[in-house]
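We count ligands from 1, going down the list as the structure has it; atoms in each ligand are counted the same way. Given the structure is predicted, the values throughout are model-derived calculations rather than measurements. We count residues from 1, following the sequence as given. Computation of the quantities below employed the complete heavy-atom set of this structure, encompassing side-chain atoms and omitting hydrogens, waters and symmetry-equivalent molecules.
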Amino acid sequence: MKTDLPRSNKQPSGSPPKPEWRWMIWYLILTLGLLWVWQEAARQVVYRTIPYSEFKDDLNEGEVTDCSIAESEIEGKIQPKATSPKAKAPPAFMFRTVRVEDPDLVKELDQHGVKYTGVRPGFMSQFLWAWILPIGLIGLLWWFFSKRMGSLGQSVMSFGSSGAKLIADKDTNVTFNDVAGEEEAKYELQEVVTFLKHPERYRSLGARIPKGVLLVGPPGTGKTLLARAVAGEAKVPFFSISGSEFVQMFVGVGAARVRDLFQQAKQHAPCIVFIDELDAVGRQRGVHIGAVNDEREQTLNQLLVGLDGFDANIGVVVLAATNRPDVLDRALLRPGRFDRQVVVDAPDLGGREAILKIHSRGKPIAPDVDLHKIAQETPGFSGADLANVINEAALLTARHGGASIAQKDLEDAVEKVVAGPERKSRRMTPQDKRRVAYHETGHALVAAHSKHADVVHKISIVPHGRAALGYTLQLPEEDQYLMTRAELIDKIKGMLGGRAAEEVVFNEITTGAENDLEHATAIARQMICLYGMGESVGLLHCGEKPNPFLAVAGDGAMQRDCSEETADAIDREVRKILDGAYAESKQILLQHRNQLDSVAGELLKHETLDAQTFKNLINLPAVAA
Ligand code: ADP
Ligand code: MG
Ligand code: ZN
């Protein structure tokens, strides 16, 4: 199943940014309305508007004390007279009236001894009152709203500046002690820490530290945690940004952000730039079509430029994490960019116990708790799953009012996490685990007892990804440019060893060997079709070429360039090779049945075996099973 749709866009890129603009227009209307109301209200409060006739009456009664005559209106002060000699006079008030054509006004004003002035439209004071104050008020309102509306206001005002600015962590407070298991990854990253702490050591030697380190591993295994730990160990600022944050609504924003990010990083060197979920931007270019991908390509290009754009020794180290290294653009992985890869694997038994220990630190744990046992019950759990188990256990304890987390709570929590809605972790039954152990041991033993096979480096029955339940890692001892027929056959034998072991031990076969069969068949087919190693087909080269009419870059529409009869003959030869190899690997396993049992037993106990342990086990002449 493919689940690699870009998980990035918070807003679908197709729809225009409507809400913001509608909001702006409403805001404008509101502003104008408010301004008008304000000016009116200010006058209403201070000045009482009266009809001109009333003004004339008051003037004739001698109540108007002074006034100023503007072009279109008259303002002034009226001191009403008391209605009876005993009563107190009503308070004076300011008045305003609209001017009416009245040529004798000045004469009358003189008659009643009113002080009068002519005015130009008031300037400073009016300006201050009518504009500055309300605008100030509105500004305040805007500030208040934009604070409340948070991101909405921000997306209008400040798109284009990097989100990384906000997350520059001065000290992450995480160290390697907070990461359990993953010893190999920690070992690799220790070098980065040393470099960030003592760059002069490397500089004086002329050594170049890798600029980019890619953390690769399944989700929840602690990649993000490790990156933070590196920053914490080295005590340097930590710029973190997620790949999906680059890919945004506006085209060009992602690229601008990358530029910004690197600029800031250079200023803060030594520091760490961490790009989480790199696959969201780092996908292979040119495979997809559409606006979103355009944007991503621009961002990716900018990222490549950014990675090239600083000297390796200024002290900026770019860490990135992904769980899909297979989809990354190859340009990202070339030397000088993310040329170093650190595998962050699902934890094995010891690792799981250590993770459980870390996460139960500082929590009240009952004395009966056996974390080793919990670790044994949880193969395939990632670090995040185990952290979740501890948390669930604490919740369960709280629910039944316990004082400390008991073994029972932990076991219930495991159940809960396994049966939880996501079912992302697989828990193998003991039977399945036994089968997988024998299967993997089969691969390893057949390889060990074949003359030309690569050396076994590691055997593991920790489930990986979605498909593999375990794996046997074989690495050649030296680079090899040519392979002999015998070597190829031995390779096929090793691949079929898993299936053979299942048949030898359980007398029953499972679905677990599909991948092995696929690879073995592919090699056998290449031997016949490409390398001319078949008997009846001989030297005929029968390749599969991309179909020129159907092929899209990277897409597999293949076309065979040989006849039907030849294809038949090829199939028969492939079959013969596979059958022969299978018979041989079964023979090997039957011969070394005791080793099969002892290695599988050991594997069940520890879940992973390294090269040395494996060698010791099969070199002991007779192992008591
Ligand atoms: P990833 O980035 O690989 O998907 P995270 O680093 O986000 O995983 O891990 C999620 C959480 O799981 C971490 O915050 C931590 O609590 C826990 N965790 C995962 N791996 C480990 C580990 N090796 N040691 C301790 N805790 C871990
Ligand atoms: Mg992560
Ligand atoms: Zn296998």
Side-chain angles (χ1 to χ4, degrees), residues 7 172-186 189 214-230 240-244 274-280 319-325 342-348 350-361 375 378 381-391 417 424-425 435-447 456 459-461 463-464 467-474 492-503 509-520 585:
R7 297 179 287 140
T172 58
N173 283 324
V174 181
T175 66
F176 281 155
N177 286 336
D178 298 309
V179 188
E182 312 302 350
E183 293 310 322
E184 286 148 49
K186 278 197 250 179
L189 291 170
L214 184 62
L215 303 170
V216 179
T221 46
K223 297 183 292 297
T224 310
L225 191 68
L226 265 169
R228 297 178 69 82
V230 172
S240 135
I241 190 161
S242 168
S244 58
F274 178 54
I275 304 173
D276 213 349
E277 321 285 351
L278 182 66
D279 43 300
L319 297 183
T322 182
N323 45 31
R324 310 257 347 240
V342 173
V343 177
V344 186
D345 244 342
D348 64 3
R352 290 199 300 275
E353 190 178 344
I355 293 173
L356 286 169
K357 245 186 216 133
I358 281 188
H359 285 278
S360 54
R361 264 194 319 221
T378 50
F381 274 45
S382 68
D385 293 330
L386 293 169
N388 195 16
V389 164
I390 298 278
N391 189 48
V417 170
K424 57 182 182 222
S425 311
R435 271 186 212 282
V436 174
Y438 272 100
H439 177 105
E440 296 305 330
T441 308
H443 286 307
L445 267 187
V446 171
V456 174
I459 320 173
S460 161
I461 55 167
H464 281 259
L469 295 170
Y471 66 92
T472 304
L473 183 65
Q474 285 171 263
I492 295 177
K493 267 158 57 185
M495 285 173 176
L496 297 177
R499 166 71 160 246
E502 287 181 38
E503 202 185 326
I509 49 187
T510 67
T511 54
E514 189 203 332
N515 203 260
D516 298 335
L517 297 181
E518 187 186 338
H519 284 282
S585 31

Tell me the protein heavy atom at minimum distance from [atom], and give that distance in Å.
atom: atom 8 (O) of ligand 1; value: G222 N, 3.2 Å
atom: atom 2 (O) of ligand 1; value: T224 OG1, 2.6 Å
atom: atom 10 (C) of ligand 1; value: A384 CB, 3.9 Å
atom: atom 18 (N) of ligand 1; value: G383 C, 3.6 Å
atom: atom 23 (N) of ligand 1; value: A180 O, 2.9 Å
atom: atom 16 (O) of ligand 1; value: H359 CE1, 2.9 Å

Heavy-atom check, side chain of P218 versus side chain of N323, under 4.5 Å
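Heavy-atom side-chain distance check fails, nothing below 4.5 Å.
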
Would the distance check show the side chain of N391 and the main-chain N or O of N388 forming a donor-acceptor pair, the cut-off being under 3.5 Å?
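Checking the backbone N and O of N388 against the side chain of N391, no donor-acceptor pair under 3.5 Å is found.
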
Is the backbone of V446 close enough, under 3.5 Å, to the side chain of K493 for a donor and an acceptor to pair up by distance?
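Not confirmed, K493 side chain does not pair with V446 backbone.
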
Please find the N/O/S atom of D516 nearest to the Zn ion (ligand 3) and write down its name.
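Answer by atom name: OD2.
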
Quick check: of its N, O or S atoms, which one does H439 have closest to the Zn ion (ligand 3)?
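The closest N, O or S atom of H439 to the Zn ion (ligand 3) is NE2.
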
List for me each residue that meets side chain to side chain donor-acceptor pair (under 3.5 Å) alongside S360, sequence neighbours excluded, and say none if there are none.
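Here no residue qualifies.
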
Measure across [X] and [Y] and return the closest heavy-atom pair with its distance rounded to 0.1 Å.
X: A501; Y: Y438; value: CB-O, 3.3 Å
X: I390; Y: H359; value: CG2-O, 3.5 Å
X: V344; Y: A185; value: CG2-CB, 4.4 Å

Nearest-0.5 Å distance that lies between atom NZ in K186 and atom CG in N177
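Rounded to the nearest 0.5 Å, the NZ-CG separation comes to 7.0 Å.
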
Any heavy atom of [X] sitting closer than 4.0 Å to ligand 1?
X: D178; answer: yes
X: R228; answer: no
X: G181; answer: no
X: I355; answer: yes

Indicate yes or no: does [X] engage [Y] in a salt bridge with an N to O separation below 4.0 Å.
X: R361; Y: D178; answer: yes
X: K357; Y: E353; answer: yes
X: E502; Y: R499; answer: no

Of the listed options (V179, T221, N177), which comes nearest to atom 20 (N) of ligand 1 when hydrogens are ignored and any heavy atom counts?
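Result: the heavy atom closest to atom 20 (N) of ligand 1 is in T221.
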
Sphere of radius 2.8 Å around the Mg ion (ligand 2) - protein N, O or S atoms inside:
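N, O, S partners closer than 2.8 Å: T224 OG1.
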
Does any N/O atom on [X] come nearer than 3.5 Å to any N/O atom on ligand 1?
X: L225; value: yes
X: G220; value: yes
X: A387; value: no

Step by step, work out the side chain to side chain contact (heavy atoms under 4.5 Å, CB included) result for T378 and D385.
CA-CA 9 Å; T378 50; D385 293 330; over 6 Å; no

Test side chain to side chain contact (heavy atoms under 4.5 Å, CB included) on V343 and E184 and set out the steps.
CA-CA 8 Å; V343 177; E184 286 148 49; over 6 Å; no

Derivation and outcome, side chain to side chain contact (heavy atoms under 4.5 Å, CB included), residues T510 and H439:
CA-CA 10 Å; T510 67; H439 177 105; 5.6 Å; no

Those atoms of ligand 1 less than 4.0 Å from some heavy atom in P219
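Those atoms are 4 (O).
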
